[in-house]
Amino acid sequence: MSTLLHSHSASSSAFTLPSPRRRSAPINPLPRFSHQNAVRCKLIEPLKFDNGRATNQTEMLIGGSGTAIPSFLVAPNTRVQDLVNKNDTRLRIFSGTANPALAQEIACYLGLQLGKIKIKRFADGEIYVQLQESVRGCDVFLVQPTCPPANENLMELLIMIDACRRASAKNITAVIPYFGYARADRKTQGRESIAAKLVANLITEAGANRVLACDLHSGQAMGYFDIPVDHVYGQPVILDYLASKTICSDDLVVVSPDVGGVARARAFAKKLSDAPLAIVDKRRHGHNVAEVMNLIGDVKGKVAVMVDDMIDTAGTIAKGAALLHQEGAREVYACSTHAVFSPPAIERLSSGLFQEVIITNTIPVAEQNYFPQLTVLSVANLLGETVWRVHDDCSGGIEPYSSLGID
């Protein structure tokens, strides 16, 4: 079996989350592991990164197979900054109130300042939006995940889009790191709404010309939009972080918490030296209610990495972790792009079932929701690179979209 990535975690970045508790202690190599079986990667020079960000440009090879982790994940792309600075009057980035920290990181990656925008609530809860600089003829990107409170943030995004359209913006791209209502993507029972399609229609009718989303709950959600959708995956950021862990490749197993996530887990396992796959068989009796029934695959004595697109109440992933421990798993990691963290998720995740819970900052994590096992990775470089390529139509000699994992 080919070996995994290994890199050295180090320096901090300019924009980090405020709590020092977001990082757990690194995993020490187990003495019984031989060095030839330990997680490794081939580096041109040592990689230094913190929570998905980095300080030097290095291209890494996964398992010696020649599959490269894009350099934009490990360092701000100076070529992009130079190109943006030459034409920055045509590219504007505005942030809603849902996740301004992520929007600031994206702008920093591109070497730009966030656009000036006024957003306020009237006494009755109505939202008021006013752009405080001209966007006439500009390529405008609006960063606003529709995370909880989903209805408030969605309405704010729609009004921001309308304000840009009425201000004569040339192109309006809705950057939605987390797309709310994505789980309502089909009818599983009679007389149900397909809310994902409804929200897609609202965004389109508001005046958006394009959507940039990260890890949609299901691939068919892209088809609900009548405008182009750039779909990026957070997996490269999480894989880059896992590369810093010294885990025996022979003892690693990737676990899908349900049958619906098998394709996602299989793709993740393939990039981890084609690690074996296990599946948790789940029976759901209602919304946010899950019951684990069975485990398909062998996890005894192994390090299990559970992969999902989001953690909401953590019922599915917590019961899956309990089953993995019952079946003899030595350690369990939880990896997810979106941390919704609805109660009682924090109690379940911090109960000792997980060695580490690895998430990204597509959704801001409230200060009170940090716990010792939590690690938050930044997807700002990933989204920033995509923003530039959409703006520049992938010109200027920059490598093609495929290195971003864009559909």
Side-chain angles (χ1 to χ4, degrees), residues 91-104 106-107 114-185 192-218 220-232 310 338 340 361-364 383 386-387 390-391:
L91 172 60
R92 300 293 177 85
I93 300 176
F94 293 90
S95 174
T97 60
N99 197 345
L102 175 59
Q104 180 64 67
I106 294 172
L114 282 178
K116 296 178 181 179
I117 185 171
K118 181 179 182 180
I119 303 175
K120 69 176 184 178
R121 262 71 172 174
F122 290 109
D124 61 354
E126 292 181 7
I127 301 170
Y128 173 82
V129 173
Q130 181 190 28
L131 302 177
Q132 297 193 303
E133 58 185 66
S134 174
V135 296
R136 184 178 299 274
C138 293
D139 202 358
V140 177
F141 292 81
L142 304 175
V143 183
Q144 175 79 343
T146 54
C147 51
N151 298 333
E152 283 281 312
N153 290 330
L154 173 60
M155 195 64 197
E156 186 178 303
L157 173 63
L158 297 176
I159 297 175
M160 289 170 64
I161 293 172
D162 184 69
C164 292
R165 179 174 63 88
R166 296 180 186 279
S168 301
K170 182 179 180 181
N171 291 299
I172 304 170
T173 301
V175 181
I176 311 175
Y178 170 73
F179 180 61
Y181 288 101
R183 284 173 284 185
D185 56 5
E192 279 187 335
S193 165
I194 304 179
K197 173 59 176 171
L198 172 63
V199 173
N201 287 344
L202 289 172
I203 293 172
T204 303
E205 290 301 317
N209 303 109
R210 196 179 195 97
V211 167
L212 168 56
C214 185
D215 268 315
L216 292 170
H217 185 65
S218 56
Q220 66 261 30
M222 287 185 291
Y224 296 156
F225 291 89
D226 297 325
I227 54 178
V229 177
D230 292 302
H231 185 206
V232 300
M310 72 172 68
H338 309 300
V340 182
N361 62 344
T362 56
I363 299 175
L383 294 177
T386 310
V387 164
V390 170
H391 168 69

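Small disclaimer: the values here were computed from a predicted structure and weren't measured.
- Atom CD1 in Ile227 sits 7.0 Å away from atom CG in Asn209 (nearest 0.5 Å).
- Contact annotation: the side chain of Asp230 never approaches that of Thr173 to less than 4.5 Å [non-hydrogen atoms, C-beta and beyond].
- Scanning all heavy atoms of the two residues, the minimum distance from Lys116 to Glu133 falls at N-OE1, 3.0 Å.
- The shortest heavy-atom contact between Ala167 and Val135 is CB-CG2, 3.6 Å.
- Considering only heavy atoms from C-beta on, Met160 comes within 4.5 Å of Ile119 through its side chain.
- Looking only at distances, a side-chain donor or acceptor of Gln144 sits under 3.5 Å from a matching main-chain atom of Ala98.
- Counting non-hydrogen atoms of other residues, nucleotides and ligands closer than 6.0 Å to CD of Glu205 gives a total of 12 or fewer.
- Residues that satisfy the ring pair (Phe, Tyr, Trp, His ring centres under 6.0 Å) test with Tyr181, not counting sequence neighbours, are absent from this structure.
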Going through the checks in order, is the side-chain contact (heavy atoms from CB on, under 4.5 Å) test met by Ile172 and Arg165? CA-CA 7 Å; Ile172 304 170; Arg165 179 174 63 88; 3.9 Å; yes

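- Residues Pro364 and Asn99 come closest through the heavy atom pair CD-ND2, 3.5 Å.
- Residue Leu157 holds its CG atom at 11.0 Å from CG of Asp162, rounded to the nearest 0.5 Å.
- Side-chain atoms of Asp215 do not come within 3.5 Å of backbone N or O of His338 as any donor-acceptor pair.
- There is no side-chain donor-acceptor pair under 3.5 Å between Asp226 and Thr204.
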Please list, one pair per line, the donor and acceptor atoms closer than 3.5 Å that link side chains of residues 120-130 to other protein atoms, with sequence neighbours excluded.
unit_1	atom_1	unit_2	atom_2	d
Arg121	NE	Glu152	OE1	3.2
Arg121	NH1	Glu156	OE1	2.8
Arg121	NH2	Glu152	OE1	3.0
Arg121	NH2	Glu156	OE1	3.1
Asp124	OD1	Glu126	N	3.2

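- In this structure, His231 NE2 and Leu212 CG are separated by 9.5 Å, a value rounded to the nearest 0.5 Å.
- The closest side-chain heavy-atom distance from Ile203 to Ile176 is below 4.5 Å.
- Side-chain contact between Phe141 and Val390 is present, with heavy atoms from C-beta onward closer than 4.5 Å.
- Put simply, OH on Tyr224 and CG on Leu216 are 10.5 Å apart, with the number rounded to the nearest 0.5 Å.
- Side-chain contact between Cys164 and Leu131 is present, with heavy atoms from C-beta onward closer than 4.5 Å.
- Atom CE of Met155 and atom OG1 of Thr146 lie 14.0 Å apart (nearest 0.5 Å).
- Each of Thr362, Leu154, Val199, Val229 was checked for a side chain to side chain contact (heavy atoms under 4.5 Å, CB included) with Phe179, and the lone residue meeting it is Val199.
- Taking 4.5 Å as the limit, every side-chain heavy atom of Pro177 sits out of range of all side-chain heavy atoms of Cys147.
- Two residues are said to be in side-chain contact when any heavy atoms from C-beta on lie closer than 4.5 Å; Pro148 and Val340 meet this criterion.
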